[in-house]
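Chain letters run A, B, ... following the sequence lines, proteins first, then strands; residues in each count from 1. Source: prediction; values computed, not measured. Values reported hereafter were calculated over all heavy atoms of this structure, with side chains retained and with hydrogens, waters and symmetry mates removed.
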Number of protein chains: 2
Amino acid sequence: MSTLDGPEHTPVPPPILNPAGGANQVRVRAYNERLVLSLVRLYGALSKADIARRSGLSAQTVSVIMRVLEKEGLLSRGEPVRGRVGQPSIPMHINPDAVYSFGLKMGRRSADLVLMDFVGRIRMQLHRTYAYPLPDEILAFVISGIRELEERLDDKQRCRIAGLGIAAPFELWNWAEEVGAPAGAMEVWREIDLQADIASRVSHPVFMQNDATSACGAELVFGVGPSYPDFVYFFIGSFIGGGIVLNSAIFSGRTGTAGAIGPLPVRGKNGETKQLLEIASIFVLENMLRERGIDPEPLWYSADDWVDFGEPMEAWIQDSAKALAQAIVAAASILDFSAAVIDGGFPSWVRSRVVQATIDEAAKLDLQGVVMPEIIEGAVGAQARAIGGASLPIFARYLTDQNVLFKEVDHAERT
Amino acid sequence: MSTLDGPEHTPVPPPILNPAGGANQVRVRAYNERLVLSLVRLYGALSKADIARRSGLSAQTVSVIMRVLEKEGLLSRGEPVRGRVGQPSIPMHINPDAVYSFGLKMGRRSADLVLMDFVGRIRMQLHRTYAYPLPDEILAFVISGIRELEERLDDKQRCRIAGLGIAAPFELWNWAEEVGAPAGAMEVWREIDLQADIASRVSHPVFMQNDATSACGAELVFGVGPSYPDFVYFFIGSFIGGGIVLNSAIFSGRTGTAGAIGPLPVRGKNGETKQLLEIASIFVLENMLRERGIDPEPLWYSADDWVDFGEPMEAWIQDSAKALAQAIVAAASILDFSAAVIDGGFPSWVRSRVVQATIDEAAKLDLQGVVMPEIIEGAVGAQARAIGGASLPIFARYLTDQNVLFKEVDHAERT
DNA sequence: AATTAATAATTCAATTGGATTTATTTATTG
DNA sequence: CAATAAATAAATCCAATTGAATTATTAATT
């Protein structure tokens, strides 16, 4: 057989990838244990037989794994389910007190430190506001905060802390002006490696991730994630940010900025091109309030302290919704997201109004040929960033990213 | 420890996912074999020791696996490499004749049937043009074409055919008008299941995938893929289509339409909003030629039969480049692609001009805050769709999607 | 030129460890 | 009591690892 001269492939540079490593029994066991835990977490409670069916593992294997997990205290048994033929099944569920994790959200106006349990509930929290963040203050807040919260735990509980996850904005030194910080005050952040600094003063493993990505992760794991395999996520904080979920996993991209969506170009109300973050950010609302002589302080103290600020807030919601709708259409033109999820550092009644307004604005746009995602509210809420941060150590150690092992090739075959 | 009342998680619908299944030895071996083959394919030729280092598997394991693959004829040994201390290493490379695969590209103006070898080279091909496609004709072309090409193979070679992969457009029945088909002639396609029909008449496994996605897959595997872990891909055919590559794997999305990019809204030259496919498609050029009394037939006969059509073609390239540049900026605002790859059913000199024009147009846009991808030419060329189709059976059976096993969690940890 | 040391690729044999298979026990319904 | 299903125990299987041995080469020394 001779080579027909089809189109020649032009030469390309050498590969830049180190593909995934090989597999062996040890890793298989580790993976299967995480899989079992993740399945239980996802479904709330499952019997050994259920897990065997869902994982495709043999009953015996699952039995062994789950006995170990139970012995370690990660799983606990529920009430036997009777009423069906055969031996009653014993649903196993995650033991909420098996693992704790600290989450630090540091923002441009406030910081939160939370202690989260194994099922994603906040068990304790501390809050601090400031005009603008400074490394030393943040560091002091974390160190003393962790000490304070740990004092409320007994020895056994302290041993179960998996680590600390930090959720922080990108490039804090930009936007100093918008935040209202004195010129140069934010420049210190250029030189700071917060993760390393904190890690050197704390006895736990420390993880770090962009704040909006963290919020997105919280939504994936504890919010609407289980119902939507892929979505684009918006978190409206002092600045808006976002995240991307694909195949039920966070996609953070090559530079970690996938789904940053702040710089997305949108058309402003006067037809001018603006960046999304110049419209749909709380600092914009803050400025609008200040211009009208209204004290914006309640915006930062706690999401639940918001009051109805009347007309300026109404205008802000409208402007934001218009911009968000455009951003969602742009995103949907590239990828067929099943949902666009909107959440933010505000009370749920504000969130409802933002989402409804965005739905209304999206309907006004030209949607021909675009597969529009469902536009829905986030289910996690104002603390999503801290919760997402706190979930980093837990996921790194106990759970698995969905669908990464032996993923099926998704082209259908027929013979 | 009492539950602090943090923000309550609102209830969500039950999970819709069946996460990945469990792992066992059999799957581990299957995976490791695919991993070894994929590594060899990616790097061209690697010794057993090289594979051991790159895969993290022990030398012994790799030795056993590679001996099996060699015995099966999938790998063959090259010339020993001397000149360095120690026993000379024997580079193993993919045996191009180990596996063959058919690829069918069916389009709105022409169809191609190719026989591809294990390293992605086209070994034989058939081509047919038509005014518009009809199921019976396509079916006849495939059946007789496969018979014809198989007759040129000996028995041993015939046994090595892995299957047939079809690359076809979405919803052929839309756009009948633009194609110039008589009203209703394309409606038959609504009821047709081409994959099933062909599968029932052929003795090979049959796979099917969107045509632009297939082209994107060919680029990933045989083109620039190894150098760019994520890119957005445009294939300019009679209609423009595209694909998305993330983490060195095709992302086709929930509905399989991820990266369809045809309906992406762009601003036309008179400021009006148009869909990308209404500007940057070859059928547009066809119409421009026809309006000027130039015979457009050479567009369809073979990509290499294109001549310089002069002014109308120049105009088409300019318009297309403007639209493509906008599409790339929109895509880059959502995800941080490392590259935007442009290819099409035209000769490489046209591709070069389109790409250069797109680079120029992109530079004119407002790029503040957007991480712009490199805009580059596809390395595969006009037959990308057929090659991508043909690679479906091969990937399904012998190779692995990159990075799907034991993927590392990508949040850095410090202790 | 012959000899020896060092290095690296490869393979052989024994061991390890986790999943599966098969058989058994337990608890329930009808 | 029969049928059914969950859960477990013991035996078996299988692929990866470990550690030692073999082979082929270069580099240094006599």
May I ask you to verify if any side-chain N or O of [X] is less than 4.0 angstrom from the OP1 or OP2 atom of [N]?
{"X": "B:K48", "N": "C:dA8", "answer": "no"}
{"X": "B:R27", "N": "C:dG18", "answer": "no"}
{"X": "A:R29", "N": "C:dG17", "answer": "no"}
{"X": "B:S63", "N": "C:dT11", "answer": "yes"}
{"X": "B:R84", "N": "C:dT7", "answer": "no"}

Check the distance between [N]'s [atom2] and [X]'s [atom1] and give it to me in whole angstrom.
{"X": "B:E33", "N": "D:dA15", "atom1": "CD", "atom2": "P", "result": "9 Å"}
{"X": "B:I65", "N": "D:dT17", "atom1": "CD1", "atom2": "C1'", "result": "13 Å"}
{"X": "A:M66", "N": "C:dG18", "atom1": "CE", "atom2": "C1'", "result": "18 Å"}
{"X": "B:I51", "N": "C:dA9", "atom1": "CD1", "atom2": "C1'", "result": "14 Å"}
{"X": "B:E70", "N": "C:dT10", "atom1": "CD", "atom2": "C1'", "result": "13 Å"}

Worksheet item: Roughly how far, to the nearest 0.5 Å, is the CG atom of B:L69 from the CD atom of B:E72?
Response: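 Going from the CD atom of B:E72 to the CG atom of B:L69 covers 6.0 Å.
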Worksheet item: Once you round to the nearest 0.5 Å, how far does CZ of A:R160 lie from OG of A:S101?
Response: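 Here the rounded value is 14.5 Å.
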Worksheet item: Between B:F102 and B:H204, how do the two ring planes meet: parallel, tilted or perpendicular, split at 30° and 60°?
Response: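 Tilted.
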Between N or O atoms, less than 3.5 Å apart, protein on one side and nucleotides 20-25 of chain C on the other: list the pairs.
unit_1	atom_1	unit_2	atom_2	d
C:dT20	OP1	B:N24	ND2	3.1
C:dT20	OP2	A:S58	N	3.0
C:dT20	OP2	A:S58	OG	2.9
C:dT20	OP2	A:T61	OG1	2.9

Fill in: Pairs touching residues 43-53 of chain A that satisfy salt bridge (charged side-chain N to carboxylate O under 4.0 Å, His left out), sequence neighbours left out
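The answer is A:D50-A:R53.
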Worksheet item: Taking the side chain of B:R67 as heavy atoms from C-beta outward, which of C:dT11, D:dA7, C:dA19 is closest to it?
Response: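 Output: C:dT11.
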Discussion item. So if I take every side-chain heavy atom of A:N32 and compare against C:dA19, C:dT10, D:dA16, which nucleotide ends up nearest?
Written reply: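 Nearest nucleotide to the side chain: C:dA19.
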Discussion item. Among B:V99, B:D117, B:V119, B:V221, exactly one meets side chain to side chain contact (heavy atoms under 4.5 Å, CB included) together with B:I394. Which residue is that?
Written reply: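 Output: one option passes, namely B:V99.
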Item to complete: Could I get the full list of salt bridge (Lys or Arg N to Asp or Glu O under 4.0 Å) partners for A:D230, not counting sequence neighbours?
Response: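 Salt bridge (Lys or Arg N to Asp or Glu O under 4.0 Å) list for A:D230, sorted by chain: empty.
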Practice prompt. Apply side chain to side chain contact (heavy atoms under 4.5 Å, CB included) to A:R123 and A:D97, showing your working.
Written response: CA-CA 10 Å; A:R123 302 292 282 265; A:D97 291 304; 3.0 Å; yes
